[in-house]
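The next block holds one structure in the form of structure tokens; read it before the comments.
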Amino acid sequence: MKKNCYLLLLLTLFSLSASAQRWSYGAGLGGSLYHGTWANWHTLPNNKEFAMTRPALNLQVRYQNSPTFAYRLQAVFTDLKGGTGNRVSPVTVALPVTNFATSIFGLDALVEYNFLNYQNSVRRVNNWTPYFYAGISTVFAKVSGNQDGVGFKTNTKMNYALPFGVGVKYQLSPSWGIQFDLGARKTFTDALDRPLSEGEASFNLTKGDQFLNSSLTVTYTIQSVFCPTY
């Protein structure tokens with residue numbers, strides 16, 4: 001079933017990009033870094049936590065209807081790793097010795113706000129802008145690991161998240177561009193790093209895990225025509 005979902009997503013991305021004028025599509029590589037019960041740093045991760053950064057792949061389709069706003073549909077493939085030994089701050093209660101690995105598949109619907117007048121058109125090839133993005137996300141997660149020496153593995157669970165962050169994009173030519181994202185996904189579940197206890201709700205507003213993500217993406221614009229600005 002998961003393979004069918006991936007195939008349907010890819011077909012949707014390419015069909016949309018091929019059938020509209022102001023659409024672009026892209027692929028990018030980056031990294032993901034877990035933040036949760038076993039890595040609760042506040043400003044910066046320590047060396048052990050930073051070493052847990054995992055590779056991430058994204059596929060995206062973006063529609064830009066004005067120089068200010070753009071709308072992006074994005075698929076993200078990544079995984080997370082962590083454990084008790086990486087935790088920095090002291091704890092007031094005893095924590096079970098835990099190590100985990102989580103595979104992640106995410107679907108994001110994002111809105112980008114361009115701070116500069118961004119137009120990827122023929123007349124303005126050397127064009128760039130910083131931007132802010134936010135939206136909603138569906139996260140499919142499968143967790144495995146061990147807790148106090150006992151192994152565990154969960155089935156794939158669907159969760160919800162709020163992705164947000166900042167970035168910069170640069171149009172290299174009328175067709176090709178690059179963009180760099182740096183952001184986070186705040187989930188509404190505490191099950192990205194452990195199995196849930198019996199009777200524990202999967203949806204959690206206050207104790208949701210999150211993970212940071214970065215990405216360098218190459219984009220290709222099919223066609224982009226904007227009315228001149230005066």
Side-chain angles (χ1 to χ4, degrees), residues 26-60 72 74-91 95-110 112 130-147 152-154 156-169 178-196 204-218:
L29 294 174
S32 297
L33 183 62
Y34 160 77
H35 184 276
T37 305
W38 319 119
N40 67 335
W41 44 271
H42 297 290
T43 305
L44 293 173
N46 65 10
N47 292 337
K48 289 184 178 180
E49 291 165 332
F50 190 75
M52 293 293 102
T53 301
R54 304 298 298 162
L57 166 69
N58 78 78
L59 301 173
Q60 65 169 255
R72 193 198 318 173
Q74 179 172 268
V76 178
F77 305 84
T78 188
D79 65 292
L80 307 175
K81 291 186 70 176
T84 316
N86 296 329
R87 185 171 171 125
V88 180
S89 63
V91 296
L95 292 174
V97 178
T98 302
N99 291 285
F100 74 92
T102 305
S103 59
I104 297 285
F105 168 62
L107 285 175
D108 305 330
L110 307 173
E112 298 177 1
Y131 61 92
F132 170 81
Y133 70 89
I136 57 175
S137 179
T138 301
V139 175
F140 297 85
K142 184 176 182 179
V143 190
S144 61
N146 62 81
Q147 193 168 80
F152 63 83
K153 182 178 292 186
T154 67
T156 302
K157 303 288 186 181
M158 185 184 75
N159 306 290
Y160 300 99
L162 292 178
F164 57 90
V166 294
V168 61
K169 50 191 169 184
I178 57 175
Q179 68 182 59
F180 176 75
D181 286 349
L182 181 62
R185 284 175 175 79
K186 169 63 177 176
T187 72
F188 295 103
T189 181
D190 196 24
L192 292 188
D193 52 14
R194 63 180 181 88
L196 295 175
N204 193 319
L205 284 174
T206 59
K207 296 182 179 180
D209 297 318
Q210 60 181 301
F211 58 98
L212 306 186
N213 53 274
S214 63
S215 177
L216 180 62
T217 302
V218 177

Verdict with reasoning, Leu44 to Phe50, per side-chain contact (heavy atoms from CB on, under 4.5 Å): CA-CA 9 Å; Leu44 293 173; Phe50 190 75; over 6 Å; no
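Between the side chains of Thr217 and Ser215, a donor-acceptor pair is found at a separation under 3.5 Å.
With rounding to the nearest 0.5 Å, the separation of CZ in Phe164 from NZ in Lys186 is 9.0 Å. In this structure, the separation between CZ on Phe105 and OG1 on Thr156 is 11.0 Å, given to the nearest 0.5 Å. From Phe100, atom CZ reaches atom NZ of Lys153 across 16.0 Å, with rounding to the nearest 0.5 Å. For the atom pair CG of Leu182 and CG of Asn213, the computed distance is 7.5 Å after rounding to the nearest 0.5 Å. Distance check: Phe77 CZ to Leu59 CG gives 5.5 Å after rounding to the nearest 0.5 Å. Between the CG atom in Leu80 and the CE atom in Met52 there is a gap of 11.5 Å [rounded to 0.5 Å].
Annotation: cation-pi pair Lys169/Tyr131 present, NZ/CZ under 6.0 Å from the ring centroid and within 45° of its normal.
Within a 6.0 Å radius of CD1 in Ile136, no more than 12 heavy atoms belonging to other residues, nucleotides or ligands are found. Other residues, nucleotides and ligands contribute more than 12 heavy atoms inside 6.0 Å of the CZ atom of Phe140. Under a cut-off of 6.0 angstrom, the local environment of CZ in Phe152 is crowded, with over 12 non-hydrogen atoms contributed by other residues, nucleotides or ligands.
Legend: residues meeting side chain to side chain donor-acceptor pair (under 3.5 Å) with Arg72, ordered by chain and number and at least two apart, are Gln74, Glu112, Asp181. Scanning for side chain to side chain contact (heavy atoms under 4.5 Å, CB included) contacts around Val166 gives Phe132, with sequence neighbours left out. Evaluation of the side chain to side chain contact (heavy atoms under 4.5 Å, CB included) rule for Val139 yields Ile104, Ser137, Ala161 as partners, not counting sequence neighbours.
Between Asp79 and Ser32, the closest heavy-atom pair is O-CB, 4.3 Å. The two residues Pro55 and Thr78 have their closest heavy-atom pair at O-OG1, 2.9 Å. The heavy-atom pair separating Gly31 from Thr53 by the smallest distance is CA-CG2, 4.2 Å. Minimum interatomic distance between Pro163 and Leu110 (heavy atoms only, all atoms of both residues): CG-CD2, 3.5 Å. For the pair Thr138 and Met158, the tightest heavy-atom approach, listed with the atom from each and the gap, is CG2-CG, 3.4 Å. The nearest pair of heavy atoms linking Ala191 to Val143 is O-CG2, 3.3 Å.
Leu57 places none of its side-chain heavy atoms less than 4.5 Å from the side chain of Val76.
Judged by distance alone, the side chain of Asp209 and the main-chain N or O of Leu192 form a donor-acceptor pair under 3.5 Å.
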